[in-house]
Amino acid sequence: TYFVAWSVSFYPQIILNYRRKSVEGLSIDFLVYNVYGFACYAIFNTAFYFSKSIGDEYARRNNGHKNLVRFNDLFFSYHALALSLVTFTQSFYYKRSPTQESSFIVRTFFYLTLLGLVLVSTMSSVYNTVYFLSFIKLGCSMVKYVPQAWLNYRRKSTVGWSIHNIILDFAGGILSFTQLILDAARSGNIAEALGNPVKFGMGLASIGFDLIFLTQHYVLYTDRYDPLKFEAQLRFQSMPLYGSVENSDAGSI
């Protein structure tokens, strides 16, 4: 299912960062959008999955139909938030370019949406506040890939950006979109596909941007040379092997 592909898709980037001991080639804005967006998504899913009052309010506004948040959505959002935090933390410990900082745009997005959330929470119902969180996540999903695509374009390279992450994300987007349509069709209410706008928007955004990244990686920027990987290989090859002549007492006997 889609949540397996999406859940696994976070690991290749973490592993790549660990092996390179660097986050060069990775957009910091992308990491900020990911953490912020999945935090909002986790709260949204938690509220819709556990709160009876929110579930009842949804049914009242949607002709008695139940919302489409399932346990796998809940698990995915928690898992995605945890791994997004891991990747974000890596950016503080591993090597990165002096120019790799969060931009004015992402900071403005964060403060404006946070202000909007405060205003909605004070002027409207809990239901509307929770729904506003879903639109923050949707906004993050729509724009988070733009800084990375732009960074790849400026560098004319995708080195440092895991293509395996993209392939899995693309598969997850297709499966998510398909599942949402099938769930709505089985319930007899196609409009329910929009009842979970985050999942719907995430599926479409993932598919569109993943096609851009696949084109960048396999068509536009095919040079795979990574000096950091080359340096790591040299360090490994220069390490004396346990039991070798240089590392034994044989020469002194």
Side-chain angles (χ1 to χ4, degrees), residues 3 6 10 27-89 91-92 101-148 176 180 183-184 187 189-206 209:
F3 81 93
W6 268 351
F10 290 89
S27 169
I28 302 301
D29 282 6
F30 168 77
L31 301 181
V32 174
Y33 282 126
N34 246 8
V35 171
Y36 184 36
F38 282 118
C40 293
Y41 192 38
I43 297 172
F44 169 83
N45 281 336
T46 300
F48 267 79
Y49 189 81
F50 289 108
S51 175
K52 184 178 184 302
S53 61
I54 289 179
D56 291 342
E57 179 65 16
Y58 177 88
R60 188 183 68 80
R61 297 189 184 195
N62 292 273
N63 300 318
H65 293 282
K66 294 182 179 179
N67 75 82
L68 295 180
V69 174
R70 303 289 183 259
F71 177 77
N72 57 339
D73 298 312
L74 191 68
F75 171 82
F76 168 74
S77 60
Y78 291 163
H79 182 261
L81 176 58
L83 294 184
S84 295
L85 286 169
V86 170
T87 313
F88 185 64
T89 302
S91 70
F92 293 98
E101 300 290 344
S102 61
S103 69
F104 173 78
I105 295 175
V106 72
R107 292 195 297 268
T108 301
F109 178 89
F110 174 77
Y111 290 122
L112 288 180
T113 53
L114 199 60
L115 176 62
L117 180 63
V118 172
L119 292 176
V120 171
S121 65
T122 56
M123 301 171 61
S124 190
S125 64
V126 174
Y127 179 90
N128 289 336
T129 301
V130 171
Y131 234 87
F132 189 81
L133 286 171
S134 76
F135 286 110
I136 292 178
K137 169 54 184 165
L138 182 57
C140 289
S141 296
M142 292 299 184
V143 302
K144 71 178 183 178
Y145 291 113
V146 174
Q148 186 63 54
S176 171
L180 195 61
D183 284 347
S187 69
N189 182 19
I190 297 298
E192 279 193 8
L194 298 177
N196 191 341
V198 180
K199 189 194 292 187
F200 189 84
M202 284 170 60
L204 290 179
S206 295
F209 277 104

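Note that this is a predicted model, so its numbers are computed, not measured.
Residue pairs meeting the salt bridge (charged side-chain N to carboxylate O under 4.0 Å, His left out) criterion with at least one member in residues 44-56, sequence neighbours excluded, are Lys52-Asp56. Contacts classified as salt bridge (charged side-chain N to carboxylate O under 4.0 Å, His left out) and involving residues 101-111 (residues at least two apart or in different chains) are given here: Arg96-Glu101.
Minimum heavy-atom separation, Ser102 to Val106: CB-CG1, 3.8 Å. For the pair Ile28 and Ser91, the tightest heavy-atom approach, listed with the atom from each and the gap, is CD1-CB, 3.9 Å. Across every non-hydrogen atom of Gln148 and Ser27, the tightest pair is OE1-N, 2.8 Å. Counting all heavy atoms, side chain and backbone alike, Phe10 lies closest to Ala80 at CZ-CB, 3.5 Å. Scanning both residues, Leu81 and Ala39, for their nearest heavy atoms gives CD1-N, 3.7 Å.
Here CG of Leu83 is found 6.5 Å from OG1 of Thr87. Values are rounded to the nearest 0.5 Å. Separation of atoms CG (Leu119) and CG (Leu114) is listed at 10.0 Å; rounding is to 0.5 Å. Leu138 contributes atom CG, which lies 11.5 Å from atom CZ of Phe132 (distance to the nearest 0.5 angstrom). Ser141 OG to Ile136 CD1: the interatomic distance, rounded to the nearest 0.5 Å, is 12.0 Å.
Looking only at side-chain heavy atoms (C-beta outward), Val69 and Leu74 stay at 4.5 Å or farther from each other. Looking at heavy atoms from C-beta onward, Phe76 lies out of side-chain contact with Asn45 at the 4.5 angstrom threshold.
In this structure, Phe44 has its ring center no closer than 6.0 Å to that of Phe135.
Side-chain N or O atoms of Ser124 include none that pairs as donor or acceptor with a backbone N or O of Ser121 at under 3.5 Å. Side chain of Ser134 to backbone of Val130: no donor-acceptor contact under 3.5 angstrom is found. Listed for the Asp29 side chain is a donor-acceptor partner under 3.5 Å among the backbone atoms of Ser103.
For Thr46, the side chain to side chain donor-acceptor pair (under 3.5 Å) test picks out Tyr78, with sequence neighbours left out. Remark: Tyr145 engages Asp169 in a side chain to side chain donor-acceptor pair (under 3.5 Å) (not counting sequence neighbours). Every residue two or more places apart in sequence or in another chain was checked for a side chain to side chain donor-acceptor pair (under 3.5 Å) with Thr89, and none qualifies.
Taking the six-membered ring where the residue is Trp, Tyr127 and Phe48 present tilted rings, their angle falling between 30° and 60°.
Around atom CD1 of Ile105, no more than 12 heavy atoms belonging to other residues, nucleotides or ligands sit under 6.0 Å away.
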Distance-only check: which donor-acceptor pairs under 3.5 Å involve side-chain atoms of residues 30-38, not counting sequence neighbours?
| from | atom 1 | to | atom 2 | distance (Å) |
| --- | --- | --- | --- | --- |
| Asn34 | OD1 | Lys144 | NZ | 2.7 |
| Tyr36 | OH | Thr113 | OG1 | 2.7 |

